[in-house]
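Data block below; observations after.
Excluded from the calculations below are hydrogen atoms, water molecules and symmetry mates; all remaining heavy atoms, backbone and side chain alike, are included.
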Amino acid sequence: MSGLEIERKFLVRKDRNFREMASSSSRIKQGYINARGATVRVRIRDDKGYLTIKGPSRDGGLSRYEFEKEITLDEAEHLMELCMLPVIDKTRYLVPFQGHVFEVDEFYGDNEGLVMAEVELERGDEQFDKPDFIGPEVTADRRFRNAALRENPYKIWREQIPPAYR
């Protein structure tokens, strides 16, 4: 897949059970390769590998160019050796709702306790309904980007988030 990625990110309320609404879940480990002007990500999702290159964010973090290619698990495991530590570890739940799929990520390690949802859109101004577990939007807050969570983990700034979301 390649093209313009348009997505919005939200915190997830701790008192809502998104897991019951999920159609599937998978464990994801992803690392980042040092690159100037782009984000280069290696991802292992269950038993598959992916290489993703993302360009700089536009529109306050709403959109950016993305190139993604499935690679073999063996290739992904070897490329992980080139990744900066620590790697991001999370479970992703796919939650279909009103014609969209919300990807809910529950983080582990230094980002334990962080739960975020994102939804991909066709247009930046596209209207969509939100399930009741969706909280405040964090699309423009760089701290919530996965690559940023590697460098500045949630455990450092967790107390800055309202209690209903930590």
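Considering all non-hydrogen atoms of both residues, V87 and G31 come closest at CG1-CA, 4.1 Å. Considering all non-hydrogen atoms of both residues, L149 and R143 come closest at CD2-O, 3.3 Å. Of all heavy-atom pairs spanning G49 and A76, the tightest one is CA-CB, 3.7 Å. H78 and D74 make their closest contact through ND1-O, 2.8 Å (heavy atoms, listed as atom of the first residue, atom of the second, distance).
Side chains of P131 and M21 form a contact here, defined as non-hydrogen atoms less than 4.5 Å apart. Looking at heavy atoms from C-beta onward, V95 lies in side-chain contact with F133 at the 4.5 angstrom threshold. Put simply, the side chain of I53 does not reach to within 4.5 Å of the side chain of E66, judged on heavy atoms. In this structure, the side chains of V40 and T52 stay at 4.5 Å or more apart for every pair of heavy atoms. Between I6 and E122 there is no side-chain heavy-atom pair separated by less than 4.5 Å. The side-chain heavy atoms of V115 and F18, taken from C-beta on, include a pair separated by under 4.5 Å.
A donor atom on one side chain and an acceptor atom on the other are found under 3.5 Å apart for K90 and N146. In this model, no donor atom of one side chain and acceptor atom of the other lie less than 3.5 Å apart for R19 and S25.
Listed by chain and residue number, N17 satisfy the side chain to side chain donor-acceptor pair (under 3.5 Å) test with E20 (two or more places apart in sequence, or in another chain). Listed by chain and residue number, R13 satisfy the salt bridge (charged side-chain N to carboxylate O under 4.0 Å, His left out) test with D15 (two or more places apart in sequence, or in another chain). Residues meeting the ring-ring contact (aromatic ring centres under 6.0 Å, His included) test with F144, sequence neighbours left out: W157.
Rounded to the nearest 0.5 Å, atoms NZ (K48) and OG1 (T72) are 12.5 Å apart. Note that CZ of R8 and CD of E120 are 13.5 Å apart. Values are rounded to the nearest 0.5 Å. Taking CD1 of I28 as the start and CG of D105 as the end, the distance is 6.0 Å to the nearest 0.5 Å. To the nearest 0.5 Å, the span separating CD1 on I88 from SG on C83 amounts to 11.0 Å. For the atom pair S24 OG and Y93 OH, the distance stands at 11.0 Å (nearest 0.5 Å). To the nearest 0.5 Å, atom CG of residue L94 and atom OG of residue S26 are 6.5 Å apart.
Every pair passing salt bridge (charged side-chain N to carboxylate O under 4.0 Å, His left out) that includes a residue from residues 25-46 is listed here, sequence neighbours excluded: R27-D89, R41-E68. Pairs engaging residues 94-117 under the ring-ring contact (aromatic ring centres under 6.0 Å, His included) rule: H100-F128 [sequence neighbours left out]. Pairs passing the salt bridge (charged side-chain N to carboxylate O under 4.0 Å, His left out) check and including a residue from residues 145-155, sequence neighbours excluded, read D110-K155.
When the side chains of ILVMFWY residues are joined at heavy-atom separations under 4.5 Å, either directly or via intervening members, V138 and V12 end up in two distinct hydrophobic clusters. Under the 4.5 Å side-chain contact rule for hydrophobic residues, I71 and L82 share a cluster. Placement of L73 and L79 within a single hydrophobic cluster is found when ILVMFWY residues are connected by side-chain heavy-atom separations under 4.5 Å, directly or transitively.
Comment: E5 engages K54 in a salt bridge, judged by a side-chain N to carboxylate O separation of less than 4.0 angstrom. Contact check on R92 versus E106 returns no salt bridge, with no Lys/Arg side-chain nitrogen under 4.0 Å from an Asp/Glu carboxylate oxygen.
Side chain of N111 to main chain of Y154: a donor-acceptor pair is present (N/O by atom type, distance under 3.5 Å, no hydrogens or angles).
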### Query
Under the side chain to side chain contact (heavy atoms under 4.5 Å, CB included) criterion, do T139 and F10 qualify, and how do the steps go?
CA-CA 7 Å; T139 301; F10 303 88; 5.5 Å; no
### Message
I'd like to know whether I134 forms a side chain to side chain contact (heavy atoms under 4.5 Å, CB included) with V119, so could you lay out the CA-CA distance, the side-chain angles of the two residues, the decisive distance to 0.1 Å, and finally the verdict.
### Response
CA-CA 11 Å; I134 294 293; V119 60; over 6 Å; no
### Query
Is there a side chain to side chain contact (heavy atoms under 4.5 Å, CB included) between V42 and I33 once you walk through the steps?
CA-CA 8 Å; V42 178; I33 296 174; 3.8 Å; yes
### Task
Could you check E137 against K9 for side chain to side chain contact (heavy atoms under 4.5 Å, CB included), going step by step and ending with a plain yes or no?
CA-CA 6 Å; E137 185 165 2; K9 292 184 178 206; 6.0 Å; no
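Within 6.0 Å of the CD atom in Q160, the count of heavy atoms belonging to other residues, nucleotides or ligands exceeds 12. Atom CZ of R142 has 12 or fewer heavy atoms from other residues, nucleotides or ligands within 6.0 Å.
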